[in-house]
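Below, read A as the first sequence line, B as the second, and so on, with proteins coming before strands; counting in each chain starts at 1. Fair warning: this is a prediction, and the values are worked out from it, not measured in the lab. Values below: all heavy atoms of this structure, side chains included; hydrogens, waters and symmetry mates excluded.
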There are 2 protein chains.
Amino acid sequence: MTAIRTARERARDEVTRAIKDEARRQLAADGASKLSLRAVARELGMVSSALYRYFPSRDELLTALIVDAYNALGDAVDGALHAAPDAEPLDGWTAVCRAARAWALAHPHEYALIHGTPVPGYAAPDDTSGPGVRLPLALAAVATRARGAGRLAPPDGGPPPAPVLADAAIHVPEHAPELEPETLAAVLAAWAQLLGLLSTEIFGQFNGVITARELFFDHAVAGLGRSVGLRAAGEAAG
Amino acid sequence: MTAIRTARERARDEVTRAIKDEARRQLAADGASKLSLRAVARELGMVSSALYRYFPSRDELLTALIVDAYNALGDAVDGALHAAPDAEPLDGWTAVCRAARAWALAHPHEYALIHGTPVPGYAAPDDTSGPGVRLPLALAAVATRARGAGRLAPPDGGPPPAPVLADAAIHVPEHAPELEPETLAAVLAAWAQLLGLLSTEIFGQFNGVITARELFFDHAVAGLGRSVGLRAAGEAAG
DNA sequence: CATAAGCAAGAGCAGTGCTCTCGTTCTTGG
DNA sequence: CCAAGAACGAGAGCACTGCTCTTGCTTATG
């Protein structure tokens, strides 16, 4: 891996990036279903077959965009997480959730790409590494902080069934060594439910039902935070 | 509207139904993105242009399938709702949620059609009538029953902000006249969060993370029921 | 019975993803 | 330094898509 790369290598990276940028533009404009390799190539002044030197198929291009979208969302929530390291647990939780919502609202088609109907070609990597876990990890980080501050109660509803606890326990050492498995399980449930709040709004299912969406979201998200065990200032922690 | 319909009318209905059936078959097999008018026509032994006598576009066909899918899901949850009219509130809640999950797992592509990335052509009718509300209505019905049995507490987390309360109050008279607006608001939040649990599982985001999915679901759904105010036998309702 | 409406079929258009071939350009080992 | 080989862009072409238009035929209705 030489630091000095050949002109060809640099050109390749540049073209690859240009293709992804243009593809992301079309994605943001018209959605994944309308993304066309030929249109991307046309816009870049090249012929469609040339594009196959960089991405072996349309689905591979979409996969690249999926990874980028996961990372963009991950950056957004990590930013919120680190913006106020000493926030109240519930405030930090809300901040992370709000950051996710803001990103999703600003990039609905990219959100749909990662949390909507899966694209046929993209098989989610069956492990818990990679950019797909950055949002749940950010949520877990809020719980970890709360625990450090003595403000984390056992999750609502008591401990989950043993197999669920075991599922969660597997990921504790690597991802949340300071959390109890039951808390991580609660975080995962809250994560899925948060995605429900986001998808329902982004995909338009609240149309004609909920108009005060921001307040609705904040209220629901606060409930999720409490279900995980986050406690406000006055409340006991266990 | 004569009861005796012409042969042409009957033939039209029959062909329309055959088209939808074949389209649903292809949908279930390969997903919405792979559904092709030409393939449907081919399978039915007609030429593709003939199909346009019945559906003005591919998106209109998909819209018809969307309505059918909403109704199939609605039938599933209504069935669970009426199967045990005198169940414990939390048991009824779980039964409805389980019915939704079972239907979604059995018909993932149809679930994706109604709760995944929206298809560009289908603008969700901006009102609260229609088959799209049958699931949230079934959830509200469980709360109504619980209230009748004196087993409904105020929702967790206190009343939502006033604008959210107002949104909910608008729909109380028509859809849930016996519920407090704050309870309906909590039901709507629980509905969105339930969709999150379903979508996350159906769309494969639990791969490699949660293996005990049924138990995980039941545990999370019980939490949702409690957040709405449903109380188990021993618990006070106020 | 004649007129009009409904219908299936076929050709055709513009667009798509993708493959293959053919020169050209750049990189690199001898 | 130069020749072999890899990477590359262009173009033609294939099979497919949604959709339109025209042409005849069948059915319903005045």
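Annotation: proximity of residues 18-30 of chain B to DNA chain D (heavy atom, distance under 4.0 Å) is found for no residue. The stretch residues 32-44 of chain A touches DNA chain C through A/Leu35, A/Ser36, A/Leu37, A/Arg38, A/Arg42, each having a heavy atom within less than 4.0 Å of the strand.
Contacts of A/His219 classified as side-chain contact (heavy atoms from CB on, under 4.5 Å), with partners at least two apart in sequence or in another chain: B/Pro160, B/Pro161. Remark: B/Asp13 pairs with B/Arg5 by the salt bridge (Lys or Arg N to Asp or Glu O under 4.0 Å) rule, at least two apart or across chains. Considering only residues two or more places apart in sequence or on other chains, A/Arg8 meets the salt bridge (Lys or Arg N to Asp or Glu O under 4.0 Å) condition with none of them. Partners of A/Trp103 according to the side chain to side chain donor-acceptor pair (under 3.5 Å) rule, which considers only residues two or more places apart in sequence or in another chain, are A/His107. For B/Arg213, there are no salt bridge (Lys or Arg N to Asp or Glu O under 4.0 Å) partners, not counting sequence neighbours. Partners of B/Ser48 by side-chain contact (heavy atoms from CB on, under 4.5 Å), not counting sequence neighbours, listed by chain and number: B/Arg38, B/Ala41. A search for side-chain contact (heavy atoms from CB on, under 4.5 Å) contacts involving B/Ala220 returns A/Ala189, A/Gln193, B/Leu197, not counting sequence neighbours. Applying the side chain to side chain donor-acceptor pair (under 3.5 Å) test to B/Asp218 and every residue at least two apart in sequence or in another chain returns B/Arg98.
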Starting at the 5' end of nucleotides 19-30 of chain C, put B wherever the base has a protein heavy atom under 4.0 Å, S where only the sugar-phosphate does, and a dash everywhere else. BB----BBSS--
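Heavy atoms only, all atoms of each residue included: A/His115 and B/Phe203 are closest at O-CD1, 3.9 Å.
Between the side chain of A/Thr117 and the backbone N or O of B/Thr117 there is at least one donor-acceptor pair closer than 3.5 Å. In this structure, B/Asp167 contributes its side chain and A/Ala212 its backbone to a donor-acceptor pair below 3.5 Å.
A salt bridge is absent between A/Asp21 and A/Arg25; no separation between the charged side-chain nitrogens and carboxylate oxygens falls under 4.0 Å.
The neighbour count for B/Glu22 CD, taken as heavy atoms of other residues, nucleotides or ligands under 6.0 Å away, is above 12.
For B/Arg12 and C/dA5, the CZ to P distance is 15 Å, given to the nearest whole Å.
Interface limits on DNA chain D: the 5'-most and 3'-most nucleotides within less than 4.0 Å of chain A heavy atoms are D/dA6 to D/dG13.
Among the atoms of the strands shown, only primed sugar atoms or phosphate atoms (P, OP1, OP2) are found under 4.0 Å from some heavy atom of B/Tyr54.
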